[in-house]
2 protein chains.
Amino acid sequence: MMRRVTTHDIAREAGVSRTTVSHILNNHPGIMLSLKTRKRVLAAARKLGYVPNSAAQMLVTGRSRTIGLILPRPDLISVDVFVPMMMVGINEACRARGYRLLMEAIQDPADADAYLDLAKSKRIDGLIVINPRKGDAALRKVIESKFPVLIFGSAGHPQENSIATQDGEASCRATTHLISLGHERIAHISYAPLVYLPARKRLEGYRAALKRANLPFHRKLFAEGDFSCESGYRAMRQILALNCYPTALFAGNDTLAMGAMKALGEAGLSIPKDFAVVGYDDIPTAAFTCPPLTTIRSHAFEQGKLLGEAAIALVDGQEIGSQQDVLPLELIIRASCGGKATRKNPAPASLTNL
Amino acid sequence: MMRRVTTHDIAREAGVSRTTVSHILNNHPGIMLSLKTRKRVLAAARKLGYVPNSAAQMLVTGRSRTIGLILPRPDLISVDVFVPMMMVGINEACRARGYRLLMEAIQDPADADAYLDLAKSKRIDGLIVINPRKGDAALRKVIESKFPVLIFGSAGHPQENSIATQDGEASCRATTHLISLGHERIAHISYAPLVYLPARKRLEGYRAALKRANLPFHRKLFAEGDFSCESGYRAMRQILALNCYPTALFAGNDTLAMGAMKALGEAGLSIPKDFAVVGYDDIPTAAFTCPPLTTIRSHAFEQGKLLGEAAIALVDGQEIGSQQDVLPLELIIRASCGGKATRKNPAPASLTNL
DNA sequence: TTGTAGGCGTTATCAA
DNA sequence: TTGATAACGCCTACAA
C-alpha cells in the first residue's frame with residue numbers, strides 16, 4: 001500500500017506552498033494566481049494522482065457532501081421496484097450536485113436516537129426518510145433538532161419538511177375510472193397499514209370518488225394490505241370470502257394487485273370480463289401481467305430526483321416545508337379493467353346487509 | 001444550530017483531560033482507569049449527548065468504517081427486486097459489524113478513475129461491485145491498486161476477489177428438470193448480454209444439461225435478453241418467430257420469464273399444457289404468476305449478507321480470492337412446467353408458422 | 001501573487 | 001492511573 005498523495009506532495013513537486021495548491025485546487029474566486037503556477041500545480045496534481053482526503057475536508061469544512069437515506073423498514077425494499085427506482089433517482093440528483101448517498105437501513109429503531117446520532121456524527125449533511133410511519137419517535141427527534149430532514153410521504157409532524165405525491169387525487173381518479181365503467185361495488189386494498197399516511201390518503205381518495213358518485217362506502221370492501229404480493233392475495237381472498245360481491249378492485253400498489261389477480265383467478269373470476277383491477281405505481285412489470293394492469297404511474301425515478309434535489313436545497317438552507325401534493329400522477333389505462341362493465345352490479349338480495 | 005459536543009466538553013464536565021475521555025470512550029485494553037472516573041466520564045458523555053465526529057475519527061485512524069457499493073448500471077436496479085434484496089443483505093452485514101454503506105451508482109464510468117478516486121478519497125475502506133462486465137477498465141484499475149474490492153459475479157480479472165453462485169450447476173439442474181419432463185426442444189434466454197459472466201455461466205449450464213442428455217444445442221433456440229421483462233417478451237417472440245418449435249423455456253431470470261410468458265400467451269400457447277417455463281431467482285412475485293413459476297431460488301438476501309461479510313473480511317486483510325461457486329441454489333418446482341410433457345415435441349402443424 | 005500559521009476533533013505516544 | 005503533546009490533511013484569515 002503506497003503512501004497517499006497530499007497537498008504537501010503537490011506543493012513540493014510544483015515548488016510552491018501548500019496554500020497556493022489549495023487555492024488553485026479549490027478555484028478560489030477572490031484569489032489571482034499566475035497562469036503559470038496554476039498550470040504547474042494542476043500538472044503536479046494530475047501527475048501524482050492526487051485525490052483530496054475527504055475526512056480532512058469534512059473535518060475542516062464541517063460538511064460531508066453526503067446525504068443519508070433512511071429506509072425505516074428495509075425489508076420493504078424487496079416488495080417491488082418502486083423504492084429502488086426512487087433510490088436511483090435520489091442518487092442521480094446527488095451525483096449531479098457532487099453529493100454522495102449513504103444508505104442507512106435502520107431496522108425500526110429500538111434506539112430513539114438512531115437518526116439523531118447519525119446526524120450528530122457529521123457523517124451526513126442531510127437526511128432523506130422514505131415513508132416513515134406517523135409519529136416515528138426517532139424521526140421526531142431529528143426533526144426537532146433542526147437537522148435538515150426531508151421526508152417522502154409524511155410523518156405527520158408540524159415542523160417536518162416533506163414531499164408527497166397527489167395520492168388522494170390519483171386514487172380518486174382511479175376509482176372514478178372504475179365507476180365510469182359501470183362498477184358500483186369497488187373493493188380497495190390499502191398498500192400498507194394506515195399508520196402510513198400515503199396509504200390513508202389513497203383510501204380517502206377512493207372514498208371521495210365513491211361519495212362524489214353517490215355510492216356508499218362498504219367497510220367490508222376494504223382491507224389493509226401490507227405491501228407484498230402475498231398480502232394482496234390474502235386480502236383479496238378475505239374480501240371474496242365475505243360475500244360482498246365486488247366487481248372491481250382498486251389496489252394500493254401494483255404488486256398487491258398482482259396478488260389479488262391471482263386470488264381472483266383462483267376464485268374463477270376472469271379479468272376484465274368478470275372483474276376489473278386497477279393498480280398503483282406502474283412498475284415496469286405492470287404492462288406484462290395477464291391482462292396488462294391499468295394503474296397510476298407514479299414516476300418513481302423522477303420523484304427520487306426531486307427528493308434528492310430538495311434535500312440538497314434544504315442542506316443549503318432553503319425552506320421546503322410540507323409539500324403534500326406535488327407531482328401530478330397519470331392514470332395509465334390498460335386491459336385489466338376492460339371496457340364498460342357488463343355485469344352492472346348486482347346485487348342479489350344477500351348483499352343488502354354488508 | 002447548537003454547537004456540537006466534543007471530547008473537550010466531556011473532559012471539562014467530568015473534570016478530567018481529553019486523553020482520559022478518549023481512553024474511556026474507546027475502551028482501551030492496556031489502560032486501567034479507576035471505575036469512578038470511568039463512570040463520571042460516561043455519565044458526562046451521555047448527559048451531553050456526545051457522538052464522536054466521524055470525520056475526525058476517519059482522519060486520525062485512516063479508516064472510515066464504510067463500505068462502498070457500486071452498481072455499474074444503476075438502471076438495472078429497477079429490473080426486479082433481486083439486486084435491491086441483495087443490497088439489504090449487504091447493509092445488514094455492514095450494520096452488524098458497525099459499518100455503513102455508501103451507495104455509488106456510477107453511470108458506466110466514462111472516467112476510468114471513477115472507482116479508484118472513490119477509494120483514494122479515503123471515504124470508504126472497501127468496495128463491493130455488483131455484476132460488472134468482463135474487463136471493466138475502471139474496475140481493473142482499483143483491483144490493481146490493491147484496494148479491497150469484492151465483486152459479486154466476476155470481472156474476469158486474475159487478481160480479483162469475487163464471490164459468485166453456482167449459476168452453471170443450477171442452470172444445468174433447471175434444464176435437466178425440463179428434460180426429465182420430456183422436453184427436447186428447450187429454449188434459453190440469457191438474462192443479460194454475455195459480457196456479463198454469470199449470464200454466460202447459465203448458458204453453459206444449460207448447454208451442459210443438453211449435452212448430458214444427448215440433445216443438440218440449437219442456436220436458434222437461444223436469445224440474449226437484457227434483464228427486463230420487456231426483453232424477455234421480445235426475445236420469446238423472436239424465438240417463436242423462427243419456427244424452431246421449442247416446447248419449453250429456461251429463462252435467465254424470473255422477470256424475463258414473465259415477459260416470455262406474456263409472449264407465449266399471445267401466441268396462443270397455454271402454460272404448462274403447451275409450454276413449460278422455468279425462471280431464475282425466485283423473486284417474491286414468482287409464486288404469484290399465472291401459473292406460478294418454477295424457478296431457481298438464489299437467496300438474494302443471504303448472498304448479500306455473505307458479500308458484506310466477505311468485504312469486511314477483505315478490509316481486515318483476509319484473503320478471499322475468486323470463489324466462483326459458493327452458495328448452493330435450490331430448484332423450486334411450481335406449476336409453470338407442469339407434469340410430464342404430453343406433447344413430446346415437435347410441433348404440430350398449426351405451430352409451424354408462428 | 002504567494003506564503004505563514006492556526007485550527008477542525010480525534011487518537012496515540014510517551015512521560016509524569 | 002492520568003495528562004501533555006503531537007499528528008492526521010486540509011482550509012482560510014491574514015500577512016508579506
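Here is how names work: the chains are called A, B, and so on, in the same order as the sequence lines, proteins then strands, and each is numbered from 1.
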A.B. asks: Is the shortest heavy-atom distance from the side chain of A:Asn91 to the side chain of A:Arg100 under 4.5 Å?
C.D. replies: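 No. Closest side-chain heavy atoms not under 4.5 Å.
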A.B. asks: Note down the inter-axis angle between the two ends of the helix from C:dT1-D:dA16 to C:dA16-D:dT1, five pairs each, to the nearest 10°.
C.D. replies: 40°
A.B. asks: When you measure from the side chain of B:Ser54 to the backbone N and O of A:Ser121, does any donor-acceptor pair fall under 3.5 Å?
C.D. replies: yes
A.B. asks: Between atom NZ in B:Lys122 and atom C1' in D:dC10, what is the gap in whole Å?
C.D. replies: 15 Å
A.B. asks: When B:Val142 is tested against each of B:Leu118, B:Val129, B:Ile70, B:Leu116 for side-chain contact (heavy atoms from CB on, under 4.5 Å), which residue passes?
C.D. replies: B:Leu116
A.B. asks: Judged by atom type as modelled, is there a donor-acceptor pair below 3.5 Å linking the side chain of B:Arg133 to the main-chain atoms of B:Tyr196?
C.D. replies: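 Not a single qualifying donor-acceptor pair exists.
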A.B. asks: side-chain contact (heavy atoms from CB on, under 4.5 Å) with A:Thr66: which of A:Asp125, A:Leu101, A:Leu102, A:Val315?
C.D. replies: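 One option only clears the test, and that one is A:Leu102.
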A.B. asks: Rounded to the nearest angstrom, tell me the gap between atom CZ in B:Arg63 and atom P in C:dG9.
C.D. replies: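 Distance, rounded to whole Å: 23 Å.
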A.B. asks: In whole angstrom, what separates A:Leu48's CG from D:dG9's C1'?
C.D. replies: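 Interatomic distance, CG of A:Leu48 to C1' of D:dG9: 15 Å.
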A.B. asks: From CZ of A:Arg38 over to P of C:dT2, roughly how many Å is that when rounded to an integer?
C.D. replies: 9 Å
A.B. asks: Take atom CG of B:Leu25 and atom P of C:dT11, then tell me their distance rounded to the nearest Å.
C.D. replies: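 Rounding to the nearest Å, CG of B:Leu25 and P of C:dT11 are 7 Å apart.
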A.B. asks: Between atom CG in A:Asn26 and atom P in C:dT2, what is the gap in whole Å?
C.D. replies: 16 Å
A.B. asks: In whole angstrom, give the distance that lies between atom CG of B:Leu35 and atom P of D:dT2.
C.D. replies: 11 Å
A.B. asks: For nucleotides 4-8 of chain C, which of its nitrogen or oxygen atoms have a protein nitrogen or oxygen under 3.5 Å away, and what is each distance?
C.D. replies:
residue, atom, partner, partner atom, Å
C:dT4, O4, A:Thr19, OG1, 2.7

A.B. asks: Which atom pairs, one a donor and one an acceptor, fall under 3.5 Å between side chains of residues 302-312 of chain B and the rest of the protein, sequence neighbours left out?
C.D. replies:
residue, atom, partner, partner atom, Å
B:Gln303, NE2, B:Ser298, O, 2.2

A.B. asks: Taking 4.0 Å as the cut-off, does a side-chain nitrogen or oxygen of B:Ser22 come that near to OP1 or OP2 on C:dT10?
C.D. replies: no
A.B. asks: It should be established whether A:Gln57 places a side-chain nitrogen or oxygen under 4.0 Å from OP1 or OP2 of nucleotide D:dC11.
C.D. replies: yes
A.B. asks: List the steps and the verdict of side-chain contact (heavy atoms from CB on, under 4.5 Å) for B:Val16 and B:Ile10.
C.D. replies: CA-CA 8 Å; B:Val16 296; B:Ile10 301 182; over 6 Å; no
A.B. asks: Could you say whether B:Tyr50 or A:Gly15 is positioned toward the 5' end of DNA chain C, judged by the nucleotide with the nearest heavy atom to each?
C.D. replies: A:Gly15
A.B. asks: Determine, using ring centers only, whether B:Phe301 and B:Phe82 are less than 6.0 Å apart.
C.D. replies: no
A.B. asks: Write down the distance between CD1 (B:Ile24) and P (D:dT2), rounded to a whole number of angstrom.
C.D. replies: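 After rounding, the reported distance stands at 7 Å.
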A.B. asks: Just checking, any donor-acceptor pair under 3.5 angstrom between side chains of B:Ser162 and B:Gln323?
C.D. replies: no
